[in-house]
**Q** 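I have a structure here, written as structure tokens, and I will follow up with some questions on it.
The figures that follow rest on heavy atoms only: side chains count, while hydrogens, waters and symmetry mates do not. Everything numeric here is computed off the predicted structure, so don't read it as measured data.
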2 protein chains.
Amino acid sequence: MDKYVQILKEHGLKVTPQRLEILRYLDMHKVHPTADIIYSELKKSNPSLSKTTVYNTLQHLGEHGLVYSLTISGSELRFDSNINQHHHFLCKTCGSIIDIDIECPNAKKVEAGGHRIDEVHGYFKGVCASCLKKLKNGDD
Amino acid sequence: MDKYVQILKEHGLKVTPQRLEILRYLDMHKVHPTADIIYSELKKSNPSLSKTTVYNTLQHLGEHGLVYSLTISGSELRFDSNINQHHHFLCKTCGSIIDIDIECPNAKKVEAGGHRIDEVHGYFKGVCASCLKKLKNGDD
DNA sequence: CTGTTATGTTGTAACGATTACAATCTAGGG
DNA sequence: CCCTAGATTGTAATCGTTACAACATAACAG
Ligand SMILES: [Mn+2]
Ligand SMILES: [Mn+2]
Ligand SMILES: [Zn+2]
Ligand SMILES: [Zn+2]
């Protein structure tokens, strides 16, 4: 049985072609795309796809813990199918969002305050190594 | 000389009544208000205030490091005049955004990857202690 | 103090991401 | 194979934010 079919079934979600394609797209493109990017790309092979379906599906997948939405940019949500705890770096020069494989060691302290934590988001913003290098080369 | 006048002058910003009021509002109301909340509140005493001015001013103050904008909610920016490094907790039940006084110990690791960090955002989302207590009491 | 000018303010219109809604379709159980 | 709850679609609406142009004013020189 197809990997993505299985994932949907395990979570009691109806298996539809749209859901399968969105799941697969996120799994194959780990650059934290927007809903609109996912829509535009998948529309190429499925011209009847609706943007509403992309939004609905991403929300469903999110509610079932299959995808994660990042608010790092402030203007649009970015989606991530990597469920493992990790942080993100947003380059303000090239716009790319880079995975930072660290876990937050502070969660315990927050829970000590009596709050219940469901999500941890660690965001860094600045200029990525690649863009810094380009800037330096342009100097001379 | 007024505290806020001094802050603006130190940063080479023209001193205007609007900027002074926005600075003061943020300093007096540390609940991470939206631009719209700031606008609505200040409009009471200055009916000619424009929403554009609030957005422009917040952006200027941000560029000069006098305020910080949080993308924690994903749907709207929240503003913070507390410049000291700290994290935030968003309660998905009552919507409040609570300061968490911890610094991120991971910044060094990110910089080790060659990236330049300008901003660090630590966000936790869940249910706050106060809302948890209410939920528990409602159980019986 | 007054005139000049760069900059700030205002109101309105435009924009872009997301959501609401109603009609149509379909996955999956019986 | 049929039924129906739930999914998909297209369109319109919403909401936060930004663009723009006319007008106003802070700050500085004289
Ligand atoms: Mn990621
Ligand atoms: Mn804060
Ligand atoms: Zn970059
Ligand atoms: Zn709460």
Side-chain angles (χ1 to χ4, degrees), chain A residues 1-2 4-23 25 32-43 45-64 66-67 69-79 95 97, chain B residues 1-2 4-23 25 32-43 45-64 66-67 69-79 95 97:
Chain A
M1 192 195 302
D2 185 84
Y4 305 107
V5 171
Q6 191 165 357
I7 292 175
L8 290 174
K9 287 194 171 172
E10 277 170 2
H11 287 265
L13 292 167
K14 271 193 188 174
V15 177
T16 70
Q18 293 86 348
R19 288 177 176 180
L20 289 173
E21 300 228 352
I22 290 169
L23 255 189
Y25 186 87
H32 317 99
T34 63
D36 196 65
I37 289 171
I38 298 168
Y39 167 72
S40 302
E41 289 302 307
L42 295 184
K43 200 169 177 63
S45 55
N46 174 7
S48 77
L49 179 66
S50 165
K51 199 175 277 190
T52 300
T53 298
V54 176
Y55 277 102
N56 286 342
T57 299
L58 289 169
Q59 180 153 341
H60 272 118
L61 296 178
E63 286 165 358
H64 287 265
L66 295 171
V67 307
S69 59
L70 311 179
T71 63
I72 190 170
S73 92
S75 62
E76 63 203 356
L77 290 179
R78 297 281 180 154
F79 295 90
I97 295 173
Chain B
M1 191 196 300
D2 184 83
Y4 304 106
V5 171
Q6 191 164 357
I7 292 175
L8 288 175
K9 287 195 171 171
E10 278 170 2
H11 287 265
L13 292 167
K14 273 194 186 171
V15 177
T16 69
Q18 292 86 347
R19 288 176 177 181
L20 290 173
E21 300 228 352
I22 290 168
L23 255 190
Y25 186 86
H32 318 97
T34 64
D36 196 65
I37 289 170
I38 298 168
Y39 167 72
S40 303
E41 288 303 306
L42 295 184
K43 199 169 177 65
S45 55
N46 174 9
S48 78
L49 179 66
S50 165
K51 198 175 279 190
T52 300
T53 297
V54 176
Y55 277 101
N56 286 342
T57 299
L58 290 170
Q59 180 153 342
H60 272 118
L61 297 177
E63 285 164 0
H64 288 265
L66 296 172
V67 307
S69 59
L70 311 179
T71 63
I72 191 169
S73 92
S75 62
E76 64 204 355
L77 289 179
R78 297 282 179 154
F79 295 91
I97 296 172

**Q** Using modelled atom types only, decide if a donor and an acceptor are shared between the side chain of B:R78 and the backbone of B:H32 within a distance under 3.5 Å.
**A**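 A pair under 3.5 Å: yes.
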**Q** D:dT17, OP1 or OP2 - any side-chain N/O from B:Y55 closer than 4.0 Å?
**A**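 Yes, within the criterion.
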**Q** Quick one: is C:dT10 close enough that its OP1 or OP2 comes under 4.0 Å of any side-chain N or O from B:Q18?
**A**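 Yes, within the criterion.
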**Q** Would you mind reading off the distance between A:L70 atom CG and C:dA17 atom P, rounded to a whole angstrom?
**A**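 The distance from CG of A:L70 to P of C:dA17 comes to 16 Å, rounded to the nearest Å.
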**Q** Would you mind telling me which residue lines up with the more 5' stretch of DNA chain C, A:E76 or A:V15, judged by nearest nucleotide?
**A**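 Checking each residue's closest nucleotide, the 5'-ward one belongs to A:E76.
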**Q** Take the protein atom CG of B:L58 and the nucleotide atom P of C:dT9, then report the distance between them rounded to whole Å.
**A**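 About 11 Å, once rounded to whole Å.
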**Q** For the pair made of CG in A:D36 and C1' in C:dT19, what is the distance, rounded to whole Å?
**A**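 Whole-Å distance recorded here is 15 Å.
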**Q** Within the structure shown, what part of the strands sits under 4.0 Å from B:S48 by heavy-atom distance: base, sugar-phosphate, or nothing?
**A**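 Contact class for B:S48: sugar-phosphate only.
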**Q** Provide, to the nearest angstrom, the distance between the CZ atom belonging to B:R19 and the P atom belonging to C:dT10.
**A**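 It works out to 11 Å between those atoms.
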**Q** Output the rounded distance in Å from NZ (A:K14) to P (C:dG29).
**A**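 After rounding, the gap between these two atoms is 9 Å.
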**Q** Are OP1 or OP2 of C:dT10 and a side-chain N or O of B:T53 less than 4.0 angstrom apart?
**A**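 It does, given that an N or O in the side chain of B:T53 lies less than 4.0 Å from OP1 or OP2 of C:dT10.
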**Q** Given atom CZ of B:R78 and atom C1' of D:dT17, what is their separation to the nearest angstrom?
**A**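 In whole Å, D:dT17 C1' lies 15 Å from B:R78 CZ.
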**Q** Looking at B:E21 and B:R19, is there a salt bridge between them, counting it only when a charged N and a carboxylate O are closer than 4.0 Å?
**A**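 Looking at B:E21 together with B:R19, the answer is no, because their closest N to O distance does not fall below 4.0 Å.
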**Q** NA contact type, B:T16, heavy-atom cut-off 4.0 Å: base, sugar-phosphate, or nothing?
**A**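 Sugar-phosphate contact only.
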**Q** Treating B:T34 as the side-chain partner and B:I37 as the backbone partner, does any N or O pair qualify as donor plus acceptor under 3.5 Å?
**A**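 Side chain of B:T34 to backbone of B:I37: a pair is present.
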**Q** By nearest heavy atom, map A:T34 and B:N56 onto DNA chain C; which one lands nearer the 5' end?
**A**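 Nearer the 5' end of the strand: B:N56.
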**Q** Using whole Å, what does the distance between atom C1' of nucleotide C:dC25 and atom CG of A:N46 come to?
**A**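 Those two atoms, CG and C1', are 14 Å apart.
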**Q** Any donor-acceptor pair under 3.5 Å joining the side chain of B:S75 to the base of C:dA17?
**A**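 Donor-acceptor pair under 3.5 Å: no.
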**Q** Counting only side-chain N and O atoms of A:Q59, is one of them less than 4.0 Å from OP1 or OP2 of C:dT18?
**A**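 It does not, given that no N or O in the side chain of A:Q59 lies less than 4.0 Å from OP1 or OP2 of C:dT18.
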**Q** Between B:K43 (NZ) and C:dT10 (C1'), how many Å, whole number?
**A**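 Checked: the NZ to C1' distance equals 9 Å.
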**Q** Answer yes or no: is there an ion pair linking B:K43 with B:E41, defined by an N-O contact shorter than 4.0 Å?
**A**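 Answer for the salt bridge query: no.
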**Q** Side-chain donor or acceptor of A:T57 under 3.5 Å from a matching atom on the base of D:dA7?
**A**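 Between D:dA7 and A:T57, which were checked side chain against base, a qualifying N/O pair under 3.5 Å is absent.
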**Q** Just by modelled atom types, is the A:G74 backbone N or O under 3.5 Å from a matching donor or acceptor in the A:T71 side chain?
**A**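 Flag not set: sc A:T71 to bb A:G74 has no pair under 3.5 Å.
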